[in-house]
**Student:** 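I am attaching a structure below and will ask some questions about it afterwards.
Note on naming: letters A, B, ... go to the chains in the order of the sequence lines (proteins, then strands), and numbering restarts at 1 for each one. Fair warning: this is a prediction, and the values are worked out from it, not measured in the lab.
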Number of protein chains: 2
Amino acid sequence: MPDSHRDSGRINRRDLIIETATRLFSEQGYTATSVRQIAELVGCTEAALYYHFKDGKRALLQAVLECEMPKLTSIINGSENATSLQAAMKSIAMQMDVVGPERMAKMRWILGEFHRLSDEEKALFHESHLRMHHIIAQVLRPFVDSDEYASRLAWIFFAAGFGYGLLFWNLEMQDVANFSLHEFMETLIPLLVSRQPTP
Amino acid sequence: MPDSHRDSGRINRRDLIIETATRLFSEQGYTATSVRQIAELVGCTEAALYYHFKDGKRALLQAVLECEMPKLTSIINGSENATSLQAAMKSIAMQMDVVGPERMAKMRWILGEFHRLSDEEKALFHESHLRMHHIIAQVLRPFVDSDEYASRLAWIFFAAGFGYGLLFWNLEMQDVANFSLHEFMETLIPLLVSRQPTP
DNA sequence: GTCTATATTCGGATAGAC
DNA sequence: GTCTATCCGAATATAGAC
């Protein structure tokens, strides 16, 4: 990977292309987005785009997938020093609200495109989500009896938050049902902290 | 809508087209699927397809969306006469396992395509999911103190199951993490039944 | 209802000049 | 690195014969 330096305050063209492609793929889907359209929005020609991504559209997809997968874990900021299970979960839930529509759009897109990705591309997400789960489990660990239970609780919390986001933000259920993320978490978290390992 | 009768055991061609389109849209996405390909699989020409759907591909999408939205609620079969909150949830969870990859694939596809649908098309799903939530809430209602709490619990249960399905089946986390739907529910349900309205 | 044939537009991709 | 010009295949859609 070549150094992606900035020249005089503007990000270089290659990065701009990736950025633009990410937006368009997320909004329209991979196949529905044409190289032509990306080039237009970037402000260059298709030929220029093929200079940066020799293998064409597919290489661009690759780059988009590899890019900005990192800060998924930033969701946990500040949760490390929570003093109770309840506080830890609340802290994570707060961060979830900040994820915002931008990242959610990309998530939604990948969800739809996932089964068509190659094994290597899939592995990227598996790794990223496992890391995410692992960090949540670590944050919860001090307040439960076993690693095993921390892991389960982390999956449940992850899945519930994920499901809420998709139902209410992605499928726009918020337009027809009154249940804010805050209310959701206010109801869920007390339930999740109510018990230790299997009764 | 004209009568979709069968002629001598075979479903009529219009229905066959919808069925085929549903499969292809789910697998490849709307834009990635060509009218040509649908016609080939159906075993007719594009022209024949345009006879059945005068407004072309978009009309086909419409038909696919309107079709088979019903039996979402069949998930609740047998849960009506549960004798405890725990039993009711378990019963619903069991049915979820039966939904199978076919419906899940369509769900996944719609999730990705949703934000590009028209308001009328979106309304179809809002209605369907609200009905789903409402039925779950009704099943849970006898075992909790208020309609309000039944509603919240139903959303949580819905979102958690939804999130599990997408994470483990759709994003194929089952390949890299050991957490079966059974284990998930075995852990979640006891937590959800542990308390009544806000403490 | 279904076909053949065709119009037309748009897609990804490349060659070669600058 | 970026452009102009171009190739070619595939897409949606329609006309008109049977």
**Student:** Between C1' on C:dG12 and CG on A:D55, what's the gap in Å once rounded to a whole number?
**Tutor:** 13 Å
**Student:** Between A:A47 and A:V35, which residue's closest nucleotide on DNA chain C lies nearer the 5′ terminus?
**Tutor:** A:V35
**Student:** So if I apply the side-chain hydrogen bond (donor to acceptor under 3.5 Å, both in side chains) rule between A:T33 and each of A:K57, A:Q28, A:R23, which one comes out positive?
**Tutor:** A:Q28
**Student:** Quiz question: going by heavy-atom distance under 3.5 Å, is there a donor-acceptor pair between the base of D:dT2 and the side chain of A:R13?
**Tutor:** no
**Student:** Check every atom of D:dG1, C:dG1, C:dC3 against the side chain of B:Y51 and return the nucleotide holding the closest atom.
**Tutor:** C:dG1
**Student:** Output the rounded distance in Å from CG (B:L49) to C1' (C:dT4).
**Tutor:** 16 Å
**Student:** Take A:S118 and A:E121 through the test side-chain hydrogen bond (donor to acceptor under 3.5 Å, both in side chains) and record every step on the way to the result.
**Tutor:** CA-CA 5 Å; A:S118 72; A:E121 290 161 346; 3.3 Å; yes
**Student:** Atom CD1 of A:I38 and atom P of C:dG11: how far apart are they, to the nearest Å?
**Tutor:** 11 Å
**Student:** Identify whether any heavy atom of A:T31 sits under 4.0 Å from a base atom; if not, whether one sits that close to sugar-phosphate; answer base, sugar-phosphate or nothing.
**Tutor:** nothing
**Student:** On DNA chain C, compare the nucleotides closest to B:R36 and A:Y30; which residue's is nearer the 5' end?
**Tutor:** B:R36
**Student:** With a 6.0 Å cut-off on the ring centroids, do B:W109 and B:F25 count as close?
**Tutor:** yes
**Student:** OP1, OP2 of C:dT2 versus side-chain N and O of B:T45: anything below 4.0 Å?
**Tutor:** no
**Student:** Please say whether more than 12 non-hydrogen atoms of neighbouring residues, nucleotides or ligands are located less than 6.0 Å from NE2 in B:H126.
**Tutor:** yes
**Student:** Relative to each other, are the rings of B:F168 and B:Y164 parallel, tilted or perpendicular (30° and 60° limits)?
**Tutor:** parallel
**Student:** Rounded off to whole Å, could you give me the CD-to-P distance for the B:E46 and C:dT9 pair?
**Tutor:** 18 Å
**Student:** Just N and O in the side chain of B:Y50: are any of them under 4.0 Å from OP1 or OP2 of D:dA13?
**Tutor:** yes
**Student:** Quantified as the angle between the terminal helix axes (five pairs each), what is the overall bend of the helix from C:dG1-D:dC18 to C:dC18-D:dG1 to 10 degrees?
**Tutor:** 10°
**Student:** Please report, rounded to the nearest Å, how far the P atom of D:dA13 is from the CD atom of B:Q37.
**Tutor:** 16 Å
**Student:** Within this structure, what is the CZ-to-C1' distance between B:R58 and D:dA11, rounded to whole angstrom?
**Tutor:** 17 Å
**Student:** Do B:S91 side-chain atoms and B:A87 backbone N/O form a donor-acceptor pair below 3.5 Å?
**Tutor:** no
**Student:** Could you tell me whether B:K90 atom NZ has more than 12 heavy atoms of other residues or ligands within 6.0 Å of it?
**Tutor:** no
**Student:** What nucleotide, of C:dT2, D:dT2, C:dG12, holds the atom closest to the side chain of B:A48?
**Tutor:** C:dT2
**Student:** Looking at the side chain of B:C44, which of C:dC3, D:dA13, C:dG1 is the nearest nucleotide?
**Tutor:** C:dC3
**Student:** Taking only side-chain nitrogens and oxygens of B:S34, does any of them come within less than 4.0 Å of OP1 or OP2 of D:dA10?
**Tutor:** no
**Student:** Quickly work out the B:L60 CG to D:dA13 C1' distance and round it to whole Å.
**Tutor:** 14 Å
**Student:** Rounding to an integer number of Å, can you tell me how far B:H52 NE2 sits from C:dG1 C1'?
**Tutor:** 6 Å
**Student:** Heavy-atom count around A:N178 CG within 6.0 Å, excluding the residue itself: above 12?
**Tutor:** no
